[in-house]
2 protein chains.
Amino acid sequence: MYSFTEENYLKAIYKLQERQEEAVSTNAIADSLNTRAASVTDMVQKLSGKSLLIYEKYKGVVLTEAGRKVAIGLVRKHRLWETFLVDKLRFTWDEVHELAEQLEHIKSEELVDKLDEFLGFPKHDPHGDPIPQQDGKMLSQALILLEQMPEKAFAIISGVVNHSPVFLQYLQKQNLVLGISVEVLEKNAFDKSMSIRLNAEKEIQVSAEVARNLLMKV
Amino acid sequence: MYSFTEENYLKAIYKLQERQEEAVSTNAIADSLNTRAASVTDMVQKLSGKSLLIYEKYKGVVLTEAGRKVAIGLVRKHRLWETFLVDKLRFTWDEVHELAEQLEHIKSEELVDKLDEFLGFPKHDPHGDPIPQQDGKMLSQALILLEQMPEKAFAIISGVVNHSPVFLQYLQKQNLVLGISVEVLEKNAFDKSMSIRLNAEKEIQVSAEVARNLLMKV
DNA sequence: AACAATTTTTAGACTAATCTAAAAATTGTT
DNA sequence: AACAATTTTTAGATTAGTCTAAAAATTGTT
């Protein structure tokens with residue numbers, strides 16, 4: 001069984017590794033965990049000793065299969081708890097991240113599997129991110145950014161890149177929520193803002209910043 | 001906010017104080033937490049510094065109102081999570097204690113209140129123990145032990161004293177579960193065993209040991 | 001290829017929670 | 001009231017995780 005702290009390091013490394021295929025630097029880990037590079041060096045040496053990652057001095061770290069498994073288990077728990085909080089307890093999707101950060105460390109395979117069943121084996125969490133299955137597999141769903149859509153195209157809002165509460169609250173206010181269908185009416189070449197139509201009804205303007213942070217399912 | 005460990009000490013002291021009205025000794029605390037008296041001395045000095053309890057050298061400790069409040073909050077969370085695990089996730093009542101020990105330390109007032117609402121504001125947990133309300137009040141329910149019941153009396157099984165899995169499993173097997181009505185048919189003076197009738201149907205024998213651990217609502 | 005800038009590691013120290021072993025206080029018994 | 005038994009505290013050490021500051025390695029630029 002791994003400590004709260006060990007688990008947090010594994011998840012942070014997993015998330016960093018997802019984007020860039022190379023080894024993850026100690027500084028990058030320190031940044032994402034709000035700690036110092038010296039602390040990271042200590043911890044990755046410890047995790048390396050447990051064969052959860054491969055560490056080369058001055059080169060950075062790469063998770064082993066065992067380490068990846070632990071990290072994916074945490075992501076699974078995090079996203080299932082978020083789904084529970086929103087679907088069952090009626091939290092809003094911008095309130096649940098911090099709570100799920102705590103709940104993901106509850107140790108029990110049986111609990112997470114029963115939660116999964118209770119929720120009806122959801123495929124996505126309230127932010128549109130895919131929920132890993134028991135076997136660690138994730139249904140990848142080929143989402144694209146709103147900014148990448150051409151004029152006249154249709155798609156469904158299915159996730160966000162930026163998870164900050166302020167952004168999520170903005171989306172809520174504009175009714176840019178999961179499942180809404182969007183048609184691109186016009187793309188403004190000057191500032192990259194877009195006119196879009198929601199659910200074949202309301203027409204609104206979104207900035208490039210927003211378009212760059214909304215994930216769409218075609 | 002208090003640490004996981006501080007919370008565990010407060011809850012343990014609260015539970016010990018419930019039975020005997022005097023100050024709780026460091027040794028008693030050490031026993032109930034599987035730690036050593038020396039460690040307890042350190043921790044109670046720390047908690048005393050935070051005004052959560054009153055500590056007198058060689059005399060033991062008594063919780064302050066603030067300390068009691070924290071402990072009752074933990075009991076509330078523990079019993080609500082146990083109710084969730086049994087009612088919603090279909091765990092059996094002998095499986096949930098360890099999980100609730102973890103879940104009770106999740107920090108969020110809002111979460112516990114929403115959980116309470118989701119469960120329909122239950123008054124008792126799956127073991128029949130009363131669940132404290134938001135304001136810390138508990139509906140006391142004047143339960144008596146089965147062994148205290150006279151012959152020909154009727155009552156409802158409403159709780160257990162001993163929460164060990166082996167006892168709970170025994171109860172399940174005998175159908176001695178919460179809500180069942182019991183009539184005392186005969187009390188054996190020799191070994192204090194009892195003959196009882198369940199739900200006006202099946203007649204069974206229970207030992208003094210069992211009768212001493214079943215809480216009944218008259 | 002040398003060296004300045006940057007990144008990373010090492011060394012040593014700190015805190016929270018724990019332990020063992022020894023010292024001190026309390027209690028009970030005669 | 002004295003003293004043996006028990007309980008409790010103190011002293012000093014340990015572990016996990018963290019930090020700062022200094023040393024070492026790497027990288028980029030000329």
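The figures here come from the full heavy-atom set of this structure, side chains too, leaving out hydrogens, waters and symmetry mates. Per chain, numbering begins at 1; letters A, B, ... match sequence-line order.
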- Message: Protein within reach of the bases, or only the backbone? For nucleotides 18-26 of chain C, mark each nucleotide 5' to 3' as B, S or -, using heavy atoms under 4.0 Å.
- Response: BBB---BSS

- Item | Pair listing, ring-ring contact (aromatic ring centres under 6.0 Å, His included) test, anchored in residues 95-122 of chain A, at least two apart |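 The answer is F4(A)-H105(A), H78(A)-H97(A).
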
Contacts under 3.5 angstrom, residues 47-56 of chain A side chains, donor-acceptor by atom type, not counting sequence neighbours:
unit_1, atom_1, unit_2, atom_2, d
K50(A), NZ, E6(A), OE2, 2.6

- Task: Using a cut-off of strictly less than 4.0 Å, decide whether Q45(B) has a side-chain nitrogen or oxygen near OP1 or OP2 of dT9(D).
- Result: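 Q45(B) to dT9(D) OP1/OP2: no side-chain N or O under 4.0 Å.
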
- Under 3.5 Å for both distances, Watson-Crick or G-U wobble, that's the pair rule; now give the dot-bracket for DNA chain D, with | marking pairs to another strand and [ ] for crossing ones. ||||||||||||||||||||||||||||||

- Query: Would you say the side-chain atoms of N27(A) and S25(A) include a donor-acceptor pair closer than 3.5 Å?
  - Reply: no

- Item | Separation of dA16(C) C1' from F4(A) CZ (nearest whole Å) |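 To the nearest whole Å, that distance equals 16 Å.
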
- Which residues pass the ring pair (Phe, Tyr, Trp, His ring centres under 6.0 Å) test with F84(B), sequence neighbours left out?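 Ring pair (Phe, Tyr, Trp, His ring centres under 6.0 Å) list for F84(B), sorted by chain: F84(A), W81(B).
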
- Message: Please give me every residue in residues 22-32 of chain B whose heavy atoms get under 4.0 Å of an atom in DNA chain C, ordered by residue number.
- Response: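 Within this stretch, nothing sits under 4.0 Å of the strand.
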
- Message: Going by salt bridge (Lys or Arg N to Asp or Glu O under 4.0 Å), name the residues that satisfy it together with E98(A), two or more places apart in sequence or in a different chain.
- Response: none

- Just jot down the salt bridge (Lys or Arg N to Asp or Glu O under 4.0 Å) partners of E22(A), sequence neighbours excluded, or say none. none

Taking side chain to side chain donor-acceptor pair (under 3.5 Å) as the test, write out the residues that go with [X], two or more places apart.
X: N188(A); result: none
X: H127(B); result: E82(B)
X: D94(A); result: T92(A), Q169(A)
X: Q133(B); result: none

- Task: Pick base, sugar-phosphate or nothing for Y55(B), based on heavy-atom distances below 4.0 Å to the nucleic acid.
- Result: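 Sugar-phosphate contact only - Y55(B) comes under 4.0 Å of backbone atoms but never of a base.
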
